[in-house]
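Chain naming here is simple, since letters A, B, ... match the order of the sequence lines and numbering starts at 1 in each. Values in this document were obtained by computation on a predicted structure and should not be read as measured data.
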Amino acid sequence: MYPFEQYHSKALCQALVDQIHLMADRPLRFMEVCGGHTMAVRKYGIPSLLPDSIMLLSGPGCPVCVTSSLFIDQAIHLAAYDRMTICTFGDLLRVQGTNGSLEKAKTEGKDIRVVLSGLDALEIARQQPEKKIVLLGIGFETTAPTTAATILTARKEKISNFFVLSAHKLMPPAMEAIISEGIPINGYICPGHVTTITGIAMYKKIVENFGIGCVVSGFEPLDLLQTILMLVRQVKANQPKVEIQYSRAVKPEGNPKAMAIIEEVFETVDEWWRGLGILKASGLKPRDSFQDFDASEVFSLPVYEISEPEACICGDILKGLKKPQDCMLYGKNCTPDNPVGACMVSSEGSCQTHYNYAGIN
Amino acid sequence: MLSHGSGGSMMHNLIKDLFFNYFNNPLLNLANDSAIFPSFKGLTAFTTDSFVVDPIFFPGGDIGKLAVCGTINDLVAVGAQPYCLSAGFIIEEGFPLNDLETIVSSMATEAAKAGIFIVTGDTKVVEKGKCDKLFINTSGIGVLPGDKTRQPNPESIGAGDQIIITGCIGDHGMAVMAARNHLEGTINIQSDCAPLNLLLHGITENPGGIKCMRDPTRGGVASSLCELVKDKEFGITIHEDRIPVKPAVKGFCDMLGFDPLYVANEGKMLIFANKEKSEDIVARLKSHPLGREACCIGEVNRENHGKVVMKTAIGGTRVVGMLSGDQLPRIC
Ligand code: SF4
């Protein structure tokens, strides 16, 4: 049997949908902040099953989407150094910087390689000691531990030609910022994978300070529907709280080992998010004691002005204020084959998921 | 090992030994600059395709088998009976001769299975790095029996028509992906690569009712349907729970973040058929080993013009978009 089959049962899904319809007696807006959820929600056709009064919004949960042009510009700048290899995750290649993308730099002959994990980049460093290898570190609490572990390994093995340019980010500051900006939402569908690492303590603040419920969800249709039902119940009972729907994978305390590795290697810094601007202590940068591995310390990097493609409304989409169809470029000048903004680049980006699963209109 | 530029004698021996040996047939054996054969009554179908699959050997086939089946299936899709093929080889210097022999032999086997001749060919060896191991181009000629009015014609598709797939989807693409990631041992997926004239022979006449066929190779079933429905006055609805996918293919797709609907097939046909005839067609397909899992996966309707809509297995609805980007480069 297909391993996730039990989470795809039509009868059980329908039972949950019926309950949601029964309970939903007011307009509700729930936001997911995980690219995996954005994709799953669309792929299974979940919005079509919900009452019109429930709206699902996609927040800043796709790491590629929130990455700044500054980061891309700096990476391209680094690529021009002598004997330099830039290692990146595939999606980042097509994000536009001020003057083109990493993909363009690659076609111009820069040594830019796609890797599947930081460890692949480290392996290149081992095999080519004459070269400098910079890993572009992006992602949330899910990928930060791997980058941290890679740095620790590099130190242990005394590999001196391996560096990380970090744009790693932390999810909770963004979730708080969205509410602080006054964007109306009634509950968070919290990211399953991030929470397996962080645990749920970080959501308590959101519940206490803002009175908004947080339910940690899995990625299969039954998971998502159950999460939505749990959020509807919380709103109706006027009892916002932190709950774990995805209990088969998420422990309340998370993964303390992984958190400890992040803590050991990184410190928090203020970081820029598309749509939200600079958020306090929302980014991760290698600590001073790991300076030798921090590309932003070892190489002199110009600070570029952050620019956004003209007419692209990714920022507003990531805050749930606008929908992809509201963008005049959507489906015309901006398509997955030819993305203008970052949200169209990644398969988990709001614009691309919408394009793939909801069509042009 | 093949060397570049050795010209005359070595190349001559290579062609003679390998190709004449394996492709052995009266038209090729004349060794003319062109193959010569009588013209046919009725209509002739002519198609070409190039094959650059990486890796060249994968579970269930190799680049040679693919090159023969791929072109045969392009002919079959328009309702033609494949008659003969040409084969052009571009070989990277240093390519092992015994690998070439394996590939040529599997082309010969497929051609014999399908009952067609490889009647003309060409070989070029290029310097190292100028091509990746081996590329093959095949062109094919087929015969369309009867007159035009009896041929499949996409213009005749209309609301109510049923959409049939001749078996499980996504096998070829995921078999190649498994080989590419050196997982052939762990993941048991075989390419479905097969000459479909064996399955579909005669089916346009009996039971008839076929309006259009599409060979869902690169971009998979989703892309074929999207291309077909684009700018049309009708829409397509498919039902996720009816689409046959092997558990291993589904599981591997999940692992890599692919959707089987967009993964290439090399031995499947999408058939648009008259509603009345569709059950007969499915029954006839099922009676053949290549069509055991044939089933009806959707229908043409008057709603959602120009779009493919999917009823998801949990009862939801969503649009099936065109494949974006290159999900799987060099898959055929
Ligand atoms: S459609 Fe393209 S340009 Fe418009 S908001 Fe989305 S990513 Fe930006």
Side-chain angles (χ1 to χ4, degrees), chain A residues 1-5 7-18 35-36 39-50 56 90-91 93-94 103 114 116 219-225 331 334-339 344-349 351-361, chain B residues 168 170 177 180-182 219-220 222-223 225-226 229-231 235-262 303-329:
Chain A
M1 192 172 89
Y2 169 64
F4 296 114
E5 201 145 289
Y7 300 102
H8 289 240
S9 151
K10 188 174 183 177
L12 291 178
C13 285
Q14 199 52 53
L16 288 173
V17 167
D18 290 347
M39 219 165 111
V41 159
R42 297 276 166 202
K43 182 171 168 195
Y44 300 124
I46 288 181
S48 71
L49 293 167
L50 298 178
L56 298 182
D91 278 350
L93 274 184
R94 302 204 298 157
E103 189 171 49
V114 172
L116 295 175
F219 296 83
E220 307 304 325
L222 263 184
D223 294 326
L224 288 156
L225 287 167
C334 183
T335 61
D337 288 329
N338 218 337
M344 192 59 98
V345 168
S346 156
S347 59
E348 296 186 343
C351 291
Q352 187 175 136
T353 27
H354 202 275
Y355 188 89
N356 289 341
Y357 296 126
I360 312 258
N361 305 318
Chain B
C168 289
M177 281 316 281
R180 204 177 284 175
N181 293 292
H182 311 290
S223 304
L225 292 177
C226 287
V229 85
K230 198 168 172 261
D231 300 326
I236 286 175
T237 301
I238 53 174
H239 304 268
E240 190 178 21
D241 55 3
R242 294 197 213 155
I243 301 170
V245 189
K246 296 198 175 92
V249 171
K250 200 165 174 181
F252 193 33
C253 275
D254 272 2
M255 222 172 105
L256 298 180
F258 294 155
D259 183 342
L261 216 50
Y262 293 93
E303 294 111 56
N304 53 64
H305 287 188
K307 276 190 193 163
V308 181
V309 166
M310 168 131 105
K311 284 271 175 213
T312 64
I314 61 164
T317 311
R318 70 159 164 94
V319 165
V320 176
M322 262 296 194
L323 176 74
S324 51
D326 222 349
Q327 187 176 350
L328 300 169

Going by the rule side-chain hydrogen bond (donor to acceptor under 3.5 Å, both in side chains), which residues pair with A/Glu103 if we only count those two or more places apart in sequence or in a different chain?
none
State the CZ-CG distance between B/Arg318 and A/Asn356, to the nearest 0.5 angstrom.
9.0 Å
From CE (B/Met322) to CG (A/Asp337), nearest 0.5 Å
9.5 Å
Smallest heavy-atom separation, B/Thr317 atom then A/Ser48 atom, equals N-OG, 2.7 Å
Which heavy atom of B/Ile314 sits nearest a heavy atom of A/Cys13, and at what distance?
CG2-SG, 3.4 Å
Could you pull out all residues at least two apart from B/His239 that satisfy side chain to side chain contact (heavy atoms under 4.5 Å, CB included)?
B/Thr237, B/Asp241, B/Arg242, B/Glu299, B/Lys311
If we only count heavy atoms from C-beta on, is the A/Ile46 to B/Thr312 side-chain gap below 4.5 Å?
no
